[in-house]
Amino acid sequence: MVPVKKEDLRKLVAQTTVETYEELTPQLIQLIEGTRHDEKLTEAQKQDEISLHMMGYIKSCTNEIIIEVLSEILGLTE
């Protein structure tokens, strides 16, 4: 769908956002769980690592959303 109105673009971005976050969430959960159970890290280090995981997750999701929406608009394929 190539949006012709801002509302169409909003819907496309919102739909892509939900799909992307759902797709990448299991990876984030694995990273967080691995960090929580890492006995070599202090609690403060675990929190720092989890914060880094979250920032990376958000960055990855944002990049993927941009790529997917632009690909849809421009008609790009794999």
Side-chain angles (χ1 to χ4, degrees):
M1 166 187 99
V2 176
V4 293
K5 297 185 285 184
K6 280 187 180 181
E7 185 58 31
D8 295 337
L9 180 59
R10 281 186 189 93
K11 288 178 183 176
L12 177 60
V13 170
Q15 177 184 349
T16 304
T17 299
V18 169
E19 290 170 1
T20 301
Y21 274 76
E22 287 176 351
E23 182 180 314
L24 295 178
T25 296
Q27 296 169 2
L28 174 63
I29 291 170
Q30 284 181 330
L31 287 170
I32 290 172
E33 287 303 310
T35 300
R36 283 189 178 152
H37 295 97
D38 189 342
E39 296 178 7
K40 296 177 282 182
L41 299 175
T42 66
E43 285 303 313
Q45 289 171 323
K46 288 178 183 179
Q47 288 305 312
D48 288 346
E49 287 292 316
I50 290 171
S51 293
L52 289 173
H53 296 325
M54 293 294 294
M55 286 188 286
Y57 169 73
I58 292 167
K59 180 183 178 292
S60 294
C61 287
T62 302
N63 288 346
E64 192 60 29
I65 292 163
I66 291 168
I67 291 166
E68 288 299 318
V69 169
L70 285 175
S71 294
E72 180 76 24
I73 292 170
L74 298 172
L76 303 177
T77 58
E78 294 294 318

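We count residues from 1, following the sequence as given. Remember, it's a predicted structure, so these values are computed and weren't measured experimentally. No hydrogens, no waters, no symmetry mates; every other heavy atom, side chains included, goes into these values.
Atom OG1 in Thr17 sits 9.5 Å away from atom CD1 in Ile66 (nearest 0.5 Å). Residue Gln15 holds its CD atom at 8.5 Å from CD of Glu72, rounded to the nearest 0.5 Å. Rounded to the nearest 0.5 angstrom, Glu19 CD and Cys61 SG are separated by 12.5 Å. In this structure, the separation between CD1 on Ile67 and OG1 on Thr16 is 12.0 Å, given to the nearest 0.5 Å. Arg36 contributes atom CZ, which lies 7.5 Å from atom CD of Gln47 (distance to the nearest 0.5 angstrom).
Heavy atoms only, all atoms of each residue included: Gln45 and Lys40 are closest at OE1-O, 4.1 Å. Shortest non-hydrogen contact noted between Leu28 and His53 is CD1-O, 3.8 Å. The two residues Pro3 and Asp8 make their nearest non-hydrogen contact at CB-CB, 3.6 Å.
By the 4.0 Å N-to-carboxylate-O rule, Glu49 lies too far from Lys46 to be salt-bridged with it.
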**Request:** Evaluate side-chain contact (heavy atoms from CB on, under 4.5 Å) for Leu9 paired with Val69, printing each intermediate quantity in order.
**Result:** CA-CA 9 Å; Leu9 180 59; Val69 169; 4.1 Å; yes

**Request:** Please report the C-alpha distance between Leu41 and Thr35 in whole Å, then the side-chain angles of each, then the deciding distance to 0.1 Å, and finally whether the side-chain contact (heavy atoms from CB on, under 4.5 Å) criterion is met.
**Result:** CA-CA 8 Å; Leu41 299 175; Thr35 300; 4.1 Å; yes

**Message:** Before you tell me yes or no, could you show the steps for Met55 and Leu52 under side-chain contact (heavy atoms from CB on, under 4.5 Å), namely the whole-Å CA-CA distance, both residues' side-chain angles and the distance that decides it to 0.1 Å?
**Reply:** CA-CA 5 Å; Met55 286 188 286; Leu52 289 173; 3.6 Å; yes

**Message:** Walk me through whether Lys6 and Arg10 qualify under side-chain contact (heavy atoms from CB on, under 4.5 Å).
**Reply:** CA-CA 6 Å; Lys6 280 187 180 181; Arg10 281 186 189 93; 3.6 Å; yes

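Between the side chain of Tyr57 and the backbone N or O of Gln27 there is no donor-acceptor pair closer than 3.5 Å.
Residues Ile58 and Ile50 are members of one and the same hydrophobic cluster, defined by side-chain heavy-atom contacts under 4.5 angstrom among Ile, Leu, Val, Met, Phe, Trp and Tyr. Hydrophobic cluster membership is shared by Ile65 and Met54, with clusters built from Ile, Leu, Val, Met, Phe, Trp and Tyr side chains linked at under 4.5 angstrom.
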